[in-house]
Undergrad: 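Following this message is one structure expressed as structure tokens.
Worth saying up front: this structure is predicted, and the values here are computed from it rather than measured. In what follows, every chain begins at residue 1, and chains take the letters A, B, ... in the order their sequences are listed.
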Amino acid sequence: MDLATFFIQLLNALQYGLLLFLIASGLTLVFGIMGVINLAHGAFTMVGAYLAWSLAELTGSFWAALALGIPLTVLLGAAVEWLFVRRLYARDHLHQVLLTFGLILILEESRSLLFGDDVHAVAVPALLSGSLPLTDTLSYPVYRLALSGACLALALAMAWVIRATRVGMMVRAGASNREMAEALGIPIKWVQLGVFSTGIALAGLAGMMAAPVSSVYPGMGNQVLILCFVVVVIGGIGSVKGAFVAALLIGLVDTFGKVVTLEVAGVKLLPQLAGMSVYLLMAAVLLWRPEGLFGRRP
Amino acid sequence: MTRLQWAAVAAGLALLAAMPWFADKFAVQFASKVLIFALFASSLNLLVGQAGLVSLGHAGFFGVAGYVLALASPEYDAAPLWSTLAMAVGVAALLALAIGALVVRTRGVYFLMATLAFGQMLFHLFHDGDFAGGSDGLQIFARPAGTLFGVALFDLEQYRHFHWVVLAACALVLVFLARLRASPFGRVLDGIRVNEHRMRALGFATVRYKLVAFVLAGALAGLAGYLSACQFGVVNPESLGWHQSGAVLLMVILGGMGSLTGPALGAAVWWGMELFFQGFTRHWQLPMGAVIVAVALFLPDGLAGLWRRVRPPRAVAAEASVREGAA
């Protein structure tokens, strides 16, 4: 692998990792603060991607689709919290698994009813459609760079909100001790509503932004869901910083696992078994630090 | 279980055994499928309902056993039943031992995630590897031959025989699990679910107990996976993916994980719902999802909990006091 290819793969890995972080951060916050396992989290990414496609078709502009799609996903997240998830905070994780698995089925079928089962491509917005020359023969699409930049900006904004604002303080208080925070007068119900719908909106936004890169297809949420769980576990449940590090780590492992060749004793391991590498990483981390890289020790 | 419940189970088994004489082929095959998944769900319930270990990778053992049969079968000929069955269950148990040794040290949600990770690892091994048909999986052209000492006991190619064999396996496993629940081993698992710290303080090597439960559950899932591969004649990576693990976990939760028969009930309801809703809409997952959501919201003890609700409150109170006395 020459340097230019390596550089391109590195950019791909970063872009993939940052996008994964955007989705996983919502999952880890919801889990850390509300203690809710949301299996339907990936399905909301799919909803976002289909919204981006249909709204872009409707309005003719990717930007208009984003502007309309974001409030829609926030509303959807708030409605789901209000109607269903709120009733299960105090219950066993198993009931949350049951509920959110049911939600996956409902969301997938609603998508099928509303948008059909076809695979769609979303056009890259004209503003970002060029590509940046790296060498004489290789270039890199501007949209992917912008995508990485947007994800990074959102990550920084999230870090700022959580660390330096009053709202962030409430969120952190809720994460470390729900009852105590409530006793101190923090409106924990509103914090939960806000965190859940923000998490869903982040997942939806990631789906919208990824739509021009990855195309839009049924079942796309499932794949991303499992990877997000891996990110959350490696990073430590509830830790946004951990999710950031873990997502980049997975981006690197997954991307380079697919382009590096590795053969041990005549058995081809990479790239043939690249799909396993991410899970091997997770198993190793779990055995070494069961609470994740940045998790609190139980 | 009370005497009434045993009577109900016995009546149900008798009805299922008589099914090939009054029901058509489709119904019998459907019942066989439900029984196989009842067995599968019951094996998971040993972990979830009894030891409190929520696994999201249980399909790994189910799928691998099926693959063992497919790989051990001669191409267009029937494989010997007993040796391949022993091999399939043995491989599933060994795999459960290897994975279990690593995962039973983790707890709660981390156990769920760790089992998920190993399940997905197996999925990708079979999906991306080229030794077992890759993403297409493998076909089994002839069902195993059930001969013992040269005598043909039954012919699995006939759906009636297959149904009886599955029913017998299911009944044996249910009896085994009932005995296990009442045994000291089962009591220790109950104790671990309720309070692992206390069990350890009492001197029980809880990790070892959990590992044995994990291996037993894996072996029984292997039995179910072997039978499933027999019935459908095909194994593919989806049979060991997380969706399958999630589905069987849902069967356990739907039916009610506290009881012995809950998971079997859950399996019947799961496939029954699918059949029912598929009957009148292509979008059958929508009503099915709605039912699942409703159960999660309104029936915290699953469908088996409904029975407890409709019973007169005195009986429930009496049972509760007995349970407290035992605890």
Side-chain angles (χ1 to χ4, degrees), chain A residues 31 35 37 39-40 83-85 87-88 91-113 117 219 222 225-227 229-230 232-234 237 267-269 271-287 290-292 295 298, chain B residues 48-49 52 54 56-57 99 102-103 105-114 116-131 134 237 241-243 246-247 249-250 252-254 257 281-302:
Chain A
F31 198 97
I37 302 181
L39 290 182
L83 284 173
F84 306 115
V85 181
R87 295 158 205 272
L88 294 188
R91 294 247 213 107
D92 201 320
H93 287 320
L94 282 172
H95 295 119
Q96 300 162 359
V97 167
L98 192 63
L99 174 82
T100 51
F101 200 98
L103 285 180
I104 294 183
L105 297 183
I106 292 177
L107 285 171
E108 282 280 354
E109 282 298 357
S110 310
R111 186 263 312 144
S112 170
L113 279 168
D117 294 324
N222 281 331
L225 170 76
I226 302 292
L227 279 173
F229 270 119
V230 174
V232 170
V233 170
I234 290 181
I237 289 175
V267 182
K268 290 182 185 124
L269 294 180
Q272 276 77 4
L273 296 177
M276 283 175 78
S277 56
V278 169
Y279 303 102
L280 273 174
L281 180 71
M282 170 172 166
V285 169
L286 270 177
L287 294 174
E291 69 281 359
Chain B
V48 179
V54 183
L56 207 49
I99 293 176
L102 299 173
V103 296
R105 280 159 221 284
T106 61
R107 222 172 308 159
V109 178
Y110 285 97
F111 180 83
L112 190 143
M113 303 284 183
L116 173 69
F118 281 103
Q120 285 305 102
M121 235 191 274
L122 285 172
F123 171 81
H124 282 284
L125 182 66
F126 283 93
H127 186 272
D128 303 340
D130 49 10
F131 60 94
W242 86 273
H243 235 266
L249 181 61
L250 251 55
V252 172
I253 307 172
L254 262 182
M257 51 212 152
T281 167
R282 193 167 65 82
H283 299 284
W284 56 274
Q285 290 195 348
L286 194 62
M288 192 149 162
V291 170
I292 291 170
V293 167
V295 170
L297 289 178
F298 305 117
L299 290 177
D301 296 322

Undergrad: Output all residues satisfying side-chain contact (heavy atoms from CB on, under 4.5 Å) with B/V293, sequence neighbours left out; order by chain, then residue number.
TA: A/F84, A/L99, A/L103, A/I106, B/L297
Undergrad: With a 4.5 angstrom heavy-atom cut-off, which part of B/R105 approaches chain A: side chain, backbone, both or neither?
TA: neither
Undergrad: Do you know which of A/L107, A/L113, A/V97, A/I37 has the most heavy-atom pairs with chain B at a distance under 4.5 angstrom?
TA: A/L113
Undergrad: Would you mind telling me which of B/V109, B/V291, B/V295, B/L122 has the largest number of heavy-atom pairs within less than 4.5 Å of chain A?
TA: B/V109
Undergrad: Quick check on side chain to side chain contact (heavy atoms under 4.5 Å, CB included): which of B/V252, B/L299, B/I253 does A/L98 satisfy it with?
TA: B/I253
Undergrad: By a 4.5 Å heavy-atom criterion (distance strictly below it), what part of B/L249 contacts chain A: side chain, backbone, both, or neither?
TA: side chain
Undergrad: Quick one: side-chain hydrogen bond (donor to acceptor under 3.5 Å, both in side chains) partners of A/H95, sequence neighbours excluded?
TA: none
Undergrad: Measure distances from B/L116 to the heavy atoms of chain A and classify the residue's part below 4.5 Å as side chain, backbone, both or neither.
TA: side chain
Undergrad: Please state whether the side chain, the backbone, both or neither of A/S110 comes within less than 4.5 Å of a heavy atom of chain B.
TA: both
Undergrad: Look up atom CG in B/L250 and atom CG in A/L39, then write down how far apart they are to the nearest 0.5 Å.
TA: 8.5 Å
Undergrad: Between A/T100, A/V230, A/I226, which shows the greatest number of heavy-atom pairs under 4.5 Å with chain B?
TA: A/I226
Undergrad: With only heavy atoms counted, which part of A/L94 is less than 4.5 Å from chain B, the side chain, the backbone, both or neither?
TA: both
Undergrad: Between A/M282 and B/M113, is any pair of side-chain heavy atoms under 4.5 Å apart?
TA: yes
Undergrad: Taking B/A296's backbone N and O only, do any of them form a donor-acceptor pair with A/R91's side chain (distance below 3.5 Å, no angle check)?
TA: yes
Undergrad: Using a 4.5 Å cut-off on heavy atoms from C-beta on, say whether the side chain of B/L125 contacts that of A/M276.
TA: yes
Undergrad: Counting only non-hydrogen atoms closer than 4.5 Å, does B/F123 touch chain A with its backbone (N, CA, C, O), its side chain (CB onward), both, or neither?
TA: neither
Undergrad: For the interface with chain B, which of A/V278, A/V232, A/I237 has the highest count of heavy-atom pairs at distances below 4.5 Å?
TA: A/I237
Undergrad: Could you tell me which portion of A/I234 (side chain, backbone, both or neither) has an atom closer than 4.5 angstrom to a non-hydrogen atom of chain B?
TA: neither
Undergrad: Under 4.5 Å from any heavy atom of chain B, what part of A/L280 do you find: side chain, backbone, both or neither?
TA: both
Undergrad: As an exercise, state the distance from NE2 of B/H283 to CD of A/E109, rounded to the nearest 0.5 Å.
TA: 6.0 Å
Undergrad: Once the angle between the rings of B/W242 and A/F101 is folded into 0 to 90°, is it parallel (under 30°), tilted (30 to 60°) or perpendicular (over 60°)?
TA: perpendicular
